[in-house]
Engineer: 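One structure is given below, represented as structure tokens, and several questions about it will come after.
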Amino acid sequence: MLTNVGLRVFLKSSTNIFRGSSSLSCAASLLPRGTAALTPATSRGCCFPLAFNAPEGFAASQPVRQYARVAKTKKTDTGSQLSDLTPEMLKLDYAAVPLAQTTDDVVKRLLSLELASHSEKLQLKKEQLIAKVQRDETDRSSVEVQIAILTARIRNYGEHLQKHHKDKANKRRMLMAIDRRKKLLKNLRLVRYETFERVCEQLGITYTFPPEYYRRATRRWLAKKEFCIKVFKAVQKQKAEQNLKMKQNLKTTETEETTATAV
């Protein structure tokens, strides 16, 4: 019994091998010359290419590994607000010291803006803008000085965000400073218009008027607005009728009183 089962298994495996080899030979005869030849590797019928010779005049195309990227447009550099500060200028702490003007060249270079940090240059720029708009030498808290400080800060944030456009924290600080300066300019324009024009001219600020209404006009809002206008007109008409009646009543009472006194 066991021998019969073993013979059947052996015959089935041998027939599978012969079928695979015959099919491979037929497929190899159909393949073009120079392509891979497939041979049975094991009794299971697994096949793999032995060699691959590309035919003459045939160039294999390289696989596309990623999508083509859009070419980035280079942003035009608007220039820094610190570009007008020359390296020979002294730092803010040593500008008023007379001894710093007559020192050695090495010491003078250490005290100049050539080796200064960005914050020291920005502080000097703030003082220059404050000197343009302040009322007197001791003025440090007027509206004009606050606008000058905010202007230097806003421009510094703008230059930083041109290089690091994903810095959300500094973008939020810049928008807050812009909103604060807008309120100060609006108040200054209402109170002292000549000073407002002088500040805008000295600091290079272009004041734009805010829109009259910010809300987006939807169909629901338009229908609601139309209904409110109808109600307002109806109420005004009702009030006008009431006022007319009151006037007529007053006139009738006055005529009655005059007739009574005449009698």
Side-chain angles (χ1 to χ4, degrees), residues 70 72-73 75-76 78-79 81 122 126 129-130 132-135 139-262:
V70 181
K72 294 183 179 180
T73 58
K75 297 181 179 179
T76 57
T78 56
Q81 65 170 344
L122 184 62
K126 283 182 182 179
L129 294 179
I130 289 171
K132 290 181 180 179
V133 297
Q134 64 182 168
R135 300 175 185 175
D139 181 19
R140 306 294 296 181
S141 61
S142 62
V143 179
E144 298 93 318
V145 173
Q146 293 180 31
I147 291 171
I149 294 172
L150 289 171
T151 301
R153 201 175 295 170
I154 289 165
R155 290 172 181 170
N156 183 43
Y157 284 139
E159 294 168 8
H160 174 75
L161 289 172
Q162 283 182 355
K163 300 177 182 178
H164 311 282
H165 59 278
K166 292 187 178 181
D167 193 351
K168 305 298 182 184
N170 281 321
K171 185 177 181 181
R172 180 175 174 271
R173 295 189 187 102
M174 184 184 72
L175 293 176
M176 291 171 64
I178 289 172
D179 189 46
R180 175 65 180 162
R181 188 182 68 172
K182 191 186 297 183
K183 291 179 180 178
L184 291 174
L185 285 171
K186 183 180 178 182
N187 186 23
L188 185 63
R189 182 175 177 273
L190 294 174
V191 176
R192 290 179 295 155
Y193 188 77
E194 295 180 356
T195 308
F196 165 78
E197 283 189 339
R198 182 176 62 84
V199 168
C200 291
E201 183 181 357
Q202 292 292 331
L203 300 180
I205 299 173
T206 304
Y207 184 78
T208 56
F209 294 96
E212 296 181 358
Y213 203 74
Y214 288 94
R215 188 167 181 173
R216 188 166 59 92
T218 58
R219 279 190 281 181
R220 181 179 178 181
W221 179 79
L222 290 173
K224 185 177 179 180
K225 183 179 179 181
E226 187 178 357
F227 177 73
C228 291
I229 290 172
K230 286 182 180 179
V231 172
F232 176 75
K233 288 181 179 179
V235 171
Q236 292 295 323
K237 186 177 180 181
Q238 187 176 3
K239 287 183 178 179
E241 291 176 356
Q242 290 178 358
N243 293 332
L244 183 62
K245 288 180 180 180
M246 289 176 63
K247 288 179 181 179
Q248 290 177 356
N249 293 332
L250 288 173
K251 285 182 180 180
T252 54
T253 52
E254 287 177 358
T255 53
E256 289 176 356
E257 288 177 358
T258 51
T259 53
T261 52

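Small disclaimer: the values here were computed from a predicted structure and weren't measured. Along the sequence shown, residues carry numbers from 1.
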Engineer: Please round to the nearest 0.5 Å and tell me the distance separating atom CD of Glu257 and atom OG1 of Thr259.
Structural biologist: 9.0 Å
Engineer: What closest approach, in Å, do Met174 and Gly158 show between heavy atoms, and which atom pair accounts for it?
Structural biologist: SD-N, 3.8 Å
Engineer: Do you know which two heavy atoms are closest between Ile147 and Leu188, and how far apart they sit?
Structural biologist: CD1-CD2, 4.1 Å
Engineer: Which pairs pass salt bridge (Lys or Arg N to Asp or Glu O under 4.0 Å) with one or both residues in residues 168-180, sequence neighbours excluded?
Structural biologist: Asp179-Lys183
Engineer: Could you pull out all residues at least two apart from Arg219 that satisfy salt bridge (charged side-chain N to carboxylate O under 4.0 Å, His left out)?
Structural biologist: none
Engineer: Strictly by salt bridge (Lys or Arg N to Asp or Glu O under 4.0 Å), give each pair with a member in residues 139-156 just once, sequence neighbours left out.
Structural biologist: Glu127-Arg140, Arg135-Glu144, Glu144-Arg192
Engineer: Can you check whether Val143 reaches Asn187 side chain to side chain, under 4.5 Å on heavy atoms?
Structural biologist: no
Engineer: Table please: side-chain donor-acceptor pairs of residues 226-250 below 3.5 Å, with sequence neighbours left out.
Structural biologist:
residue: Asn243; atom: ND2; partner: Lys239; partner atom: O; Å: 3.2
residue: Asn249; atom: ND2; partner: Lys245; partner atom: O; Å: 3.2

Engineer: If I compare all heavy atoms of Asn170 with all of Asp167, which pair ends up nearest, and what's the gap?
Structural biologist: ND2-OD2, 2.6 Å
Engineer: State, with a plain yes or no, whether a side-chain heavy atom of Arg189 is found less than 4.5 Å away from one of Phe209.
Structural biologist: yes
Engineer: Hey, what do you get for CG (Leu161) to CG (Asn156), rounding to the nearest 0.5 Å?
Structural biologist: 9.5 Å
Engineer: What heavy-atom pair brings Leu122 and Ala152 nearest, and what distance separates the two atoms?
Structural biologist: CD1-O, 4.1 Å
Engineer: In residues 194-206, what donor-acceptor pairs under 3.5 Å come from side-chain atoms, sequence neighbours left out?
Structural biologist:
residue: Glu197; atom: OE2; partner: Tyr193; partner atom: OH; Å: 3.2

